[in-house]
Amino acid sequence: MTDPIPVVYGGRHRRVLEHPDHRKGINHGMMTITTIIDVAPSVVRLEALLDHEGDASRWLATNPALRLELPDVDGSSTVSRVYTVRSYREVGSRRLIDVDIVRHTGDSPVMQWLSGVRRGTSVRILGPRPHFCPSFIDGRPALLFADETAIPALTTILRDWPEAHPGLVWAETPDRAVIDEIPRPQGVEIHWLPRAVPEAPGTTGRLVDAAIEASAVHPEPITVWACGEHQEMRRIRDHFRRDREMRREDVQVFGYWRRGRTSSQIDEARLQRYEEALALNPRMTVLDDFDVDD
Ligand SMILES: Cc1cc2nc3c(=O)[nH]c(=O)nc-3n(C[C@H](O)[C@H](O)[C@H](O)COP(=O)(O)OP(=O)(O)OC[C@H]3O[C@@H](n4cnc5c(N)ncnc54)[C@H](O)[C@@H]3O)c2cc1C
């Protein structure tokens with residue numbers, strides 16, 4: 001599929017998206033919802049049929065992400081939102097994926113779209129693109145921290161976990177059912193950080209506290225992967241990079257969403273930074289999300 005990049009993502013920084021490194025192997029396509037499952041009060045699982053040229057190996061990679069292209073809340077434009085492909089399978093000639101969508105309060109493009117989703121609803125997609133994975137080095141324990149938006153990513157990481165590699169996982173979600181579904185490879189301990197329903201997501205600091213405590217219990221060389229609300233992730237990243245002085249390549253931390261900001265605003269700021277990096281170095285570099293931050 002060779003569609004031009006639509007004016008849905010990047011706004012005035014769209015030029016960077018046309019860079020060949022950014023576009024490598026990324027295709028447009030469609031997905032059509034076949035099944036809608038309420039996994040738990042906080043999560044809806046959409047099973048969808050793919051109409052997409054992407055090679056199967058890209059969908060089967062660890063932690064693939066795609067963009068859903070949806071109407072903005074006022075219907076005046078199209079925006080895009082990033083979701084993890086929790087699983088991929090082929091049934092005869094049909095290619096199916098599962099995407100888990102966390103429900104949140106307030107009006108937003110995804111919540112508005114989700115309220116109208118039925119079997120047969122189609123949506124345009126862009127992807128898949130592999131997202132960050134933990135580093136598995138010399139048997140060092142890998143410490144993983146995820147809020148509920150990162151549990152699909154965590155699921156693919158645990159599914160593909162290197163045999164008997166030591167790991168410790170902390171996951172915050174209000175729903176035990178979500179934790180019960182997570183794969184449990186040998187050598188990995190999983191800790192549920194429950195959140196009471198009245199507590200707002202991204203505010204409890206429980207993942208941050210767990211990270212700091214775990215860091216004290218594991219003074220030996222470790223690696224870290226953490227994804228969730230931006231400000232909480234920044235505190236986790238600062239602890240391991242600044243206080244503990246760990247190397248950049250051993251600390252993979254990414255903000256999946258940010259309280260009080262839309263993903264469109266986050267994308268715009270991120271692309272501006274990529275554009276600045278590209279101006280300095282025409283080969284696209286991997287930027288740490290928190291290197292330049294407001
Ligand atoms: C690589 C990657 C993978 C992701 N995978 C998943 C996934 O598999 N499942 C998933 O559910 N999310 C996932 N996310 C997060 C998802 O893209 C964001 O939550 C996104 O903002 C949702 O879009 P929206 O249109 O609902 O809200 P937006 O229009 O972006 O934001 C509107 C308002 O809602 C708030 N908001 C957004 N998300 C949440 C939330 N989860 N809880 C509380 N408030 C929120 C914002 O702070 C803002 O105030 C992923 C993000 C990334 C970068």
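FYI, the numbering just counts along the sequence from 1. Both ligands and their constituent atoms are indexed starting at 1 by order of listing.
Listed by chain and number, the residues in a side-chain contact (heavy atoms from CB on, under 4.5 Å) with Asp180 are Arg176 (sequence neighbours excluded).
Salt-bridge formation is not detected for the pair Arg119/Glu47: no Lys NZ or Arg NE/NH1/NH2 atom is positioned less than 4.0 Å from an Asp or Glu carboxylate oxygen. Between Glu268 and Arg261 no salt bridge is recorded (no basic side-chain N to carboxylate O distance below 4.0 Å).
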With ring pair (Phe, Tyr, Trp, His ring centres under 6.0 Å) as the test, would you mind laying out the steps for His104 and Trp257 before giving the verdict? CA-CA 12 Å; His104 63 84; Trp257 62 284; 7.4 Å; no
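For His131 and Tyr256, the ring centers are positioned less than 6.0 Å apart.
Within 4.0 Å of ligand 1, protein heavy atoms belong to Arg81, Val82, Tyr83, Thr84, Asp100, Ile101, Val102, His104, Ser108, Pro109, Val110, His131, Thr149, Pro152, Pro201, Phe254, Tyr256, Trp257, Arg258, Arg259, Gly260, Arg261, Thr262, Ser263, listed by chain and number.
Under the 30°/60° scheme for interplanar angles, the aromatic rings of Phe136 and His165 are found to stand perpendicular.
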